[in-house]
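Here the structure comes first, spelled out in structure tokens, and everything after it is commentary.
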Amino acid sequence: MDLQTRTEGSAIVVTLSGRLDAVTAPEFEKNIRELIDSGNSRIVVDFDQLDYISSAGLRGLLLMAKLLNAKGGQSCLANVKGNVRSVFDMCGFCSVFKIENSVAEALAAIA
Amino acid sequence: MIKIEHLSKQFGDFVVLKDITTEIKTGEVVTIIGPSGTGKSTLLRCLNLLETPSGGSITINGVDILDKQTDVAKIRQKMNMVFQSFNLFSHLSVLENLTLGPIKLQGISEQEAQAKALGLLRLVGLAEKAGNYPDELSGGQQQRVAIARCLAMEPEIILFDEPTSALDPTMIREVLSVIRRLAKEGMTMAIVTHEMDFARDVSNRVLYMDEGLIYEEGTPEQIFEHPQKEKTRAFINRILSYTRRISSPDYDLYAINAEIEAFCEKQILPKKTRNNLLLLVEELLQIYAPYLGPIVLDMTITYSEKNDRLELICESTGEQANPIESASLDDELGLMIIRNLTESIDYQWINGKNRLQFLIKK
């Protein structure tokens with residue numbers, strides 16, 4: 001998994017690529033924790049380049065939502081498709097998270 | 001008719017037949033199936049004394065054919081063989097191929113031999129080719145001539161050693177229909193074949209050979225519909241499998257994934273199926289991980305070409321308990337994914353192991 005971040009106004013966009021699985025989820029969680037601890041409270045996660053997600057990756061997303069809630073922040077996911085979308089559907093995650101079709105729409109949703 | 005007891009054959013240190021005991025009764029059609037290199041052809045060649053057995057006994061109607069006094073030529077007349085590669089005499093016409101044996105070995109007149117040969121050529125549908133030479137015939141026609149030549153010696157039993165293996169698919173049928181006809185007429189036959197549908201139709205009894213033994217035998221229904229032993233099942237259902245033992249919580253997920261991908265690649269499984277399989281394996285490993293070390297997990301993926309069924313079997317040591325029901329999980333996410341990816345989940349306690357069997361959605 002590769003994780004890139006960039007600032008868009010008052011939000012931060014986290015772009016994931018590759019696999020978010022049992023091996024890479026701890027790294028994702030560590031990065032998210034650092035971002036939130038350093039004051040970021042509005043996060044967009046872009047899944048456009050992510051090929052694979054397992055329950056370990058989903059737990060990382062739940063942790064992000066929990067940490068943001070505790071600080072009154074919010075998140076939105078973008079470009080959830082293909083295999084990743086199937087796993088979201090299996091676990092009912094599409095109703096748990098705000099999901100938009102593009103990063104721009106996701107940024108607008110939490111503006 | 002033929003009784004084989006504790007037959008063995010080895011070439012130097014290489015043991016081909018370990019301990020074969022079986023019987024072929026008059027009028028019976030016995031097919032011998034099994035993977036290549038398991039001694040099927042060697043068994044036939046031992047019966048026909050083309051190979052000398054290393055041990056055991058073969059008796060025909062009570063006569064021990066391994067006795068040094070035995071007239072081998074006479075035995076071969078009684079028990080004639082049809083080979084994979086036809087073995088016709090290329091310098092003789094079709095008719096001469098059929099008359100040579102009866103004239104030389106049975107001492108019948110040329111006229112009588114020719115009349116009999118023509119009758120047999122009619123039986124295999126090749127009377128009009130009597131004057132042709134083997135090179136002028138197709139493979140299927142040559143094999144039918146070889147069968148007619150075999151019948152010309154009026155054998156009591158015919159041994160067929162993969163009679164269609166050297167033929168194009170279009171010619172296989174014509175040869176099999178001749179053998180089917182002989183079966184209908186009550187000819188005793190032992191047939192080594194890879195044609196499973198044919199073996200199922202034509203036989204009274206099927207011998208499945210593996211590891212130099214008759215691993216399982218029974219009626220076609222028993223062997224093809226309800227094989228009891230694992231290797232027979234795998235062979236009949238053309239099952240290919242991959243097994244990985246995991247005995248530490250520090251397993252290398254990516255190495256396991258690479259091996260699974262290689263297995264899927266070999267079976268040409270669709271990409272979506274591969275992804276589902278990788279996801280299922282990861283989710284299961286997450287459930288087993290806290291217990292690995294004290295317990296050992298064997299994960300087997302099996303794919304049946306015949307049924308297009310992909311299964312994952314997890315066998316684990318430890319106390320009797322369904323691993324996915326008894327695991328202490330923080331949430332249900334893994335289980336939700338597992339249930340979504342599978343059509344059925346079956347738990348059994350077998351041979352002191354917890355066995356979970358998952359049929360994977362395609």
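Computed from a predicted structure; not experimentally measured. All heavy atoms count here, side chains included; hydrogens, waters and symmetry mates do not. Letters A, B, ... mirror the listed sequences (proteins, then strands); counts begin at 1.
- Neither the backbone nor the side chain of B/Asp252 comes within less than 4.5 Å of any heavy atom in chain A.
- The local environment of NZ in A/Lys30 is sparse, with at most 12 non-hydrogen atoms from other residues, nucleotides or ligands closer than 6.0 Å.
- Distance check: B/Met336 CE to A/Asp89 CG gives 11.0 Å after rounding to the nearest 0.5 Å.
- Considering CZ of A/Arg59 and CG of B/Asp331, their distance stands at 4.0 Å, rounded to 0.5 Å.
- Heavy atoms of other residues, nucleotides or ligands lying less than 6.0 angstrom from CG of B/Asp330 number 12 at most.
- The two residues A/Tyr52 and B/Asn275 make their nearest non-hydrogen contact at CE1-O, 4.4 Å.
- For NZ of B/Lys266, the number of neighbouring non-hydrogen atoms (other residues, nucleotides, ligands) closer than 6.0 Å is 12 at most.
- Residue-environment remark: CD1 (B/Ile268) stays at or below the threshold of 12 foreign heavy atoms within 6.0 Å.
- In plain terms, the two heavy atoms of B/Glu282 and A/Ala56 that are nearest each other are OE2-CB, 4.3 Å.
- Smallest separation of non-hydrogen atoms from A/Ser55 and B/Gly334: CB-N, 3.9 Å.
- Enclosure of atom CD in B/Glu319 is not indicated, since only 12 or fewer non-hydrogen atoms of other residues, nucleotides or ligands lie within 6.0 angstrom.
- For a residue to count as touching a neighbouring chain, one of its non-hydrogen atoms must lie under 4.5 Å from one of that chain's; by this rule A/Leu62 touches chain B with the side chain only.
- When heavy atoms are compared at a cutoff of 4.5 Å, A/Asn83 approaches chain B solely by way of its side chain, counted from C-beta outward.
- When each of A/Ser86, A/Cys91, A/Ser54 is paired with B/Ile337, the side chain to side chain contact (heavy atoms under 4.5 Å, CB included) condition holds for A/Cys91 and for no other.
- For B/Lys272, the NZ atom sits in a loose shell: 12 or fewer heavy atoms of surrounding residues, nucleotides or ligands are nearer than 6.0 Å.
- In this structure the side chain of A/Arg19 reaches within 4.5 angstrom of the side chain of B/Asn257, judged on heavy atoms.
- The 12-atom threshold is not exceeded at CZ of B/Arg173, counting heavy atoms of other residues, nucleotides or ligands nearer than 6.0 Å.
- The number of heavy atoms from other shown groups lying within 6.0 Å of CG (B/Asn351) does not exceed 12.
- Contact count versus chain A (heavy atoms, under 4.5 Å) is highest, among B/Asn340, B/Leu278, B/Leu285, for B/Asn340.
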